[in-house]
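All remarks here apply to the structure that follows.
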Amino acid sequence: MESFLVFFFDVVIALFAFFVVAPCILNAVSLFGVQKRFADMMIKEGVISEECVKLLHPKKQLAGVIISIAVFAAAAVACYRTAPMGYLCGGIPLIAGFLKYRQILQYNSLTVKRFRNSYKNDLDINKFNKFVEHNF
């Protein structure tokens, strides 16, 4: 029974690393890269005001970093507690998750959706839709 519990815990670590930790870390990184560039582009296009971006974006960045650190720490502690196999059960799925979800770091329709969800109350929807239709 004990070996089944260890196996079950290792499976949970692997799923957590792949489906939670990897996307969360990549999302935090994208807040400093592609989402910031997209927000600057939207300011230049007149879709959103610079004040709104300056008000909301640093909060999103800080929250992303804090959440990513907390999630990564939880995964690291779980891997440490089940060492040595815990490192494999957490590390390999984490790397696979980075490879699977790397599109988060690219300028694509996912960036547009996340921007629209973040600034839905403050953007000029007509200009935004025109920009999206023209560029995507």
Side-chain angles (χ1 to χ4, degrees):
M1 187 65 172
E2 183 179 321
S3 62
F4 176 74
L5 289 175
V6 170
F7 172 74
F8 180 75
F9 194 64
D10 286 341
V11 168
V12 169
I13 290 171
L15 293 173
F16 182 69
F18 185 81
F19 289 110
V20 178
V21 178
C24 188
I25 291 172
L26 290 174
N27 185 43
V29 170
S30 98
L31 283 169
F32 290 95
V34 71
Q35 288 187 33
K36 184 170 178 54
R37 287 192 315 263
F38 189 73
D40 291 340
M41 188 183 312
M42 292 293 100
I43 291 169
K44 289 178 185 173
E45 293 287 327
V47 173
I48 194 163
S49 68
E50 188 173 356
E51 297 82 35
C52 181
V53 172
K54 284 185 177 181
L55 181 67
L56 186 59
H57 202 74
K59 292 177 187 177
K60 288 180 58 158
Q61 288 175 333
L62 181 63
V65 168
I66 290 171
I67 292 169
S68 293
I69 290 171
V71 167
F72 182 75
V77 167
C79 290
Y80 175 75
R81 294 194 67 188
T82 60
M85 289 306 292
Y87 296 127
L88 289 174
C89 292
I92 292 172
L94 182 64
I95 293 168
F98 285 152
L99 295 173
K100 165 88 168 100
Y101 299 113
R102 69 182 178 270
Q103 69 207 17
I104 292 173
L105 298 175
Q106 300 167 357
Y107 181 71
N108 54 25
S109 62
L110 181 61
T111 306
V112 173
K113 288 179 188 175
R114 289 172 33 211
F115 181 84
R116 183 179 19 201
N117 289 339
S118 296
Y119 298 102
K120 62 183 169 193
N121 296 328
D122 300 314
L123 58 93
D124 182 351
I125 196 69
N126 293 329
K127 288 182 180 179
F128 182 76
N129 288 336
K130 184 179 177 184
F131 178 82
V132 170
E133 288 174 11
H134 183 265
N135 293 309
F136 290 94

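Just so you know, residue 1 is the first one in the sequence shown, and it goes up from there.
Here the SG atom belonging to Cys79 is positioned 8.5 Å from the CZ atom belonging to Phe9, to the nearest 0.5 angstrom. Here CG of Asp124 is found 11.0 Å from CE of Met42. Values are rounded to the nearest 0.5 Å. With rounding to the nearest 0.5 angstrom, the CE atom of Met41 is 8.0 Å from the NZ atom of Lys44. If you take OG1 on Thr111 and CZ on Arg37, they are separated by 9.0 Å, rounding to the nearest 0.5 Å. A distance of 11.5 Å separates NZ of Lys60 from CZ of Phe32, quoted to the nearest 0.5 Å.
Heavy atoms only, all atoms of each residue included: Tyr119 and Cys52 are closest at CD2-SG, 3.8 Å. Here the shortest heavy-atom pairing between Phe115 and Ala39 reads CE1-CA, 3.8 Å. Nearest approach of Leu105 to Leu26, heavy atoms of both residues: CD2-O, 3.4 Å. Taking all atoms of both residues into account, the shortest heavy-atom contact from Pro93 to Ala17 is CB-CB, 4.2 Å. When all heavy atoms of Gly64 and Ala28 are compared, the pair lying nearest together is O-CB, 3.6 Å.
Residues Val71 and Leu31 fall into different hydrophobic clusters, defined by Ile, Leu, Val, Met, Phe, Trp and Tyr side chains chained together at heavy-atom separations under 4.5 Å. Side-chain heavy atoms closer than 4.5 Å link hydrophobic residues (I, L, V, M, F, W, Y) into clusters, and following such links, possibly through other members, connects Ile48 to Leu56. No continuous path of ILVMFWY side-chain contacts below 4.5 Å connects Tyr87 to Val11, so the two sit in separate hydrophobic clusters. The hydrophobic cluster containing Ile25 does not contain Leu62, counting ILVMFWY residues as joined when their side-chain heavy atoms lie under 4.5 angstrom apart, directly or transitively. Tracing side-chain contacts under 4.5 Å through hydrophobic residues (I, L, V, M, F, W, Y), one never reaches Ile67 starting from Ile69; they form parts of separate clusters.
Between Phe38 and Tyr107, the ring planes are tilted. Angles from 30° to 60° get that label. In this pair, Phe4 and Phe7 present their aromatic rings tilted. The plane angle is within the 30 to 60° band.
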Steps toward side-chain contact (heavy atoms from CB on, under 4.5 Å) verdict (Ile92, Leu94): CA-CA 5 Å; Ile92 292 172; Leu94 182 64; over 6 Å; no

Verdict with reasoning, Leu110 to Ile104, per side-chain contact (heavy atoms from CB on, under 4.5 Å): CA-CA 7 Å; Leu110 181 61; Ile104 292 173; 3.9 Å; yes

Pair Tyr101-Asn27, side-chain contact (heavy atoms from CB on, under 4.5 Å): steps then yes or no: CA-CA 9 Å; Tyr101 299 113; Asn27 185 43; over 6 Å; no

Worked verdict on Asp10 versus Ile13 for side-chain contact (heavy atoms from CB on, under 4.5 Å): CA-CA 5 Å; Asp10 286 341; Ile13 290 171; 4.1 Å; yes

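Between the side chain of Arg81 and the main chain of Ala78, no donor-acceptor pair closer than 3.5 Å is present. A donor-acceptor distance shorter than 3.5 angstrom exists from the side chain of Asn135 to the backbone of Phe131, with no hydrogens or angles considered. Counting only distance, with no hydrogens or angles, the side chain of Asn108 and the backbone of Gln103 share a donor-acceptor pair below 3.5 Å. With hydrogens and angles ignored, the 3.5 Å screen pairs no side-chain donor or acceptor of Ser30 with any backbone N or O of Gln106. Checked by atom type and distance alone, the side chain of Asp40 never pairs as donor or acceptor with a backbone atom of Ile43 at under 3.5 Å.
A 6.0 Å sphere centred on CZ of Phe72 holds no more than 12 heavy atoms belonging to other residues, nucleotides or ligands. The number of heavy atoms from other shown groups lying within 6.0 Å of NZ (Lys36) does not exceed 12.
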